[in-house]
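One structure below.
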Protein chains: 2
Amino acid sequence: MTAPRAWQVVLDAVERDLLEGRLSPGDHLPAERTLAVDLGVGRSSVREALRVLEVLGLIRTAVGSGPSAGAIIVARPGGGMSALMRLQVAAQGFPVADVVKTRLVLEGAIVTELAAGDSPDLTASAQILTAMERQTLTQAEFLALDAAFHLSLAEASGNQVVTATMAGLRSAIEGYARAGAAGLPSWPATSVRLMHEHRGVLAAILAGEADAARLAMHAHISGYYAETHLHEH
Amino acid sequence: MTAPRAWQVVLDAVERDLLEGRLSPGDHLPAERTLAVDLGVGRSSVREALRVLEVLGLIRTAVGSGPSAGAIIVARPGGGMSALMRLQVAAQGFPVADVVKTRLVLEGAIVTELAAGDSPDLTASAQILTAMERQTLTQAEFLALDAAFHLSLAEASGNQVVTATMAGLRSAIEGYARAGAAGLPSWPATSVRLMHEHRGVLAAILAGEADAARLAMHAHISGYYAETHLHEH
DNA sequence: TGTAACCTGTGGTCAGACCACACGACGAGA
DNA sequence: TCTCGTCGTGTGGTCTGACCACAGGTTACA
């Protein structure tokens, strides 16, 4: 048995406490110094483990004293998924094409389920579309709202895993989306088309037309990707 | 502008080096002490960032000297995705039901694509099924091969993102699968049924019957989940 | 009673030390 | 000349101790 690394001991201990109910969302972790003594490791090893937990979106840390200070279990997977996918794309572990294909699968499933569902709550998505129709938006603002729209559909599905994964995929290719938009021949024309496609997707969902919604979303995503991909090299 | 945390500086520097091509898979990161001096932070902060990169599957570290020592970019997303999803499930950020639903979506898409593809290479998957038919397997060995089979289908699809996500989802609910299997009334009967379902999925893919393959996989996953879920408490 | 000063415990960071390890260079011996 | 063992060196892994900024509670004073 090879000796486990000290930070791994801390990580395992926290995971075990979570699985066995000794730790739940909202709870405080023991202080770093206490954890170090209890687990028989140095404080620096504890901190390495806590850093991992923080990046993974499991805890939030705050300095000072009082109830809001210290490390608290939060279980917000979005940030961790974004960091993971963004870095994997940067390190060429995730090809951009695979990210886009995965978006097609997930968003297709999302809109299919939403359309099949009984009166899903899409007011948030509709509000985002309304905000996007303002003519004073910069390109960056438009793209941010575009991302928010897609994410709001995932949230409407109620699936935490899909929502977090979508957030990660989106942030992973955010740079490509921005660079691609900058190289388009006519941004106004493209943005208007994207708006219409968004409205079309939303309308198909609300009409309960699952297949139409899926195809519209598919065309929306792959269309933009193809268009921007043509102009980069 | 709030001061960025020291480890964040390191993480950002590495990400920038990756994006701008100064670092590629197989390259060595500078030594921890060098990195600390170059970025103007302490070595412990560098180590916190490297720990994150290691857990995320971006680097591999080794002690000693020579070409294989040090921190090397590897971009293996499987481990990071597994850690992220396992911990999020443990911390109740990811409901198990959502994990299963996501599996249904992804594995359905995988087999659909494989069936539609032109003569996919499924020899690895077939070999795993053959290995599963040995009668001397323990329950744990059977479950491990079961996981390997599902993962091999993802790998056959060639999509790195889907493969890594599948690996993460699987490991996140591994504990539940094991606990559920232990509570089944008749494990031999269940394992035989699972085997038949696997064969059915594979046959449908090879026959090019996309819809049949998707439905078979859907029934396979949701069936096992429903069966084990009934017997746990 | 209200307020200001202080105390305490927290995470954030750094510096330094030591260890085990693995490779590569060097030198002694055949 | 070749082989093999030794030693040096640089690496990550870990621990310890120290200091800081911060935020809250506590206390003492007006």
Side-chain angles (χ1 to χ4, degrees), chain A residues 1-14 17 23 26-76 79-80 83, chain B residues 1-14 17 23 26-76 79-80 83:
Chain A
M1 189 54 153
T2 169
R5 305 228 246 148
W7 57 270
Q8 195 47 282
V9 171
V10 181
L11 223 47
D12 289 347
V14 172
D17 284 351
L23 282 178
D27 288 353
H28 280 71
L29 258 63
E32 293 179 358
R33 292 162 176 88
T34 306
L35 221 41
V37 173
D38 290 352
L39 298 175
V41 299
R43 190 187 163 204
S44 47
S45 299
V46 171
R47 284 185 59 77
E48 290 181 18
L50 293 190
R51 199 62 51 233
V52 171
L53 292 175
E54 181 176 348
V55 171
L56 258 39
L58 245 85
I59 63 173
R60 162 184 85 70
T61 61
V63 296
S65 81
S68 69
I72 305 181
I73 309 280
V74 292
R76 288 267 164 281
Chain B
M1 189 54 156
T2 167
R5 305 228 245 149
W7 58 270
Q8 219 5 306
V9 172
V10 182
L11 223 47
D12 289 346
V14 172
D17 285 350
L23 282 178
D27 288 351
H28 280 71
L29 259 63
E32 294 178 356
R33 293 162 176 87
T34 306
L35 222 41
V37 173
D38 289 353
L39 298 175
V41 300
R43 191 186 163 205
S44 47
S45 297
V46 171
R47 285 186 58 76
E48 291 180 19
L50 294 190
R51 199 64 50 234
V52 170
L53 292 175
E54 182 176 349
V55 172
L56 257 38
L58 246 85
I59 65 173
R60 161 184 85 69
T61 63
V63 295
S65 84
S68 69
I72 304 179
I73 309 281
V74 292
R76 290 265 166 278

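This is a predicted model, so every value here is computed, not measured. Order of the sequence lines fixes the chain letters, A, B, ..., with proteins taken first and strands second; residue numbering starts at 1 for each chain.
Residue L58(A) forms a side chain to side chain contact (heavy atoms under 4.5 Å, CB included) with just one option from I72(A), L53(A), V52(A), and that option is L53(A).
Taking atom CG on L29(B) and atom P on dG12(D), their separation rounds to 9 Å, with Å as the unit. R51(B) places its CZ atom 17 Å from the P atom of dG12(C), with the value rounded to the nearest Å. Between W7(B) atom CH2 and dG12(C) atom C1' there is a gap of 12 Å when expressed in whole angstrom units. To the nearest angstrom, P of dA20(C) lies 17 Å from CZ of R5(A).
Contacts of R60(B) with the nucleic acid, taken as non-hydrogen atoms under 4.0 Å apart, are absent.
Taking a 4.0 Å limit (strictly below) on heavy-atom distances, residues 37-50 of chain A reaches DNA chain C at R43(A), R47(A).
The pair R47(B)-E48(A) meets the salt-bridge criterion, since a charged nitrogen lies less than 4.0 angstrom from a carboxylate oxygen.
A donor-acceptor contact shorter than 3.5 Å is absent between the side chain of H28(B) and the backbone of I73(B).
Side-chain contact between T61(B) and R5(A) is present, with at least one heavy-atom pair separated by less than 4.5 Å. Counting heavy atoms from C-beta on, the side chains of W7(B) and V55(A) come closer than 4.5 Å.
Counting non-hydrogen atoms of other residues, nucleotides and ligands closer than 6.0 Å to CZ of R76(B) gives a total of 12 or fewer.
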* Heavy atoms under 4.0 Å is the rule here; annotate nucleotides 3-10 of chain C 5' to 3' with B where the base is hit, S where only the sugar-phosphate is, and - elsewhere. => ------BB

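Applying the side chain to side chain donor-acceptor pair (under 3.5 Å) test to R43(A) and every residue at least two apart in sequence or in another chain returns E32(A).
For the pair I59(A) and A71(A), the tightest heavy-atom approach, listed with the atom from each and the gap, is CD1-CB, 4.1 Å.
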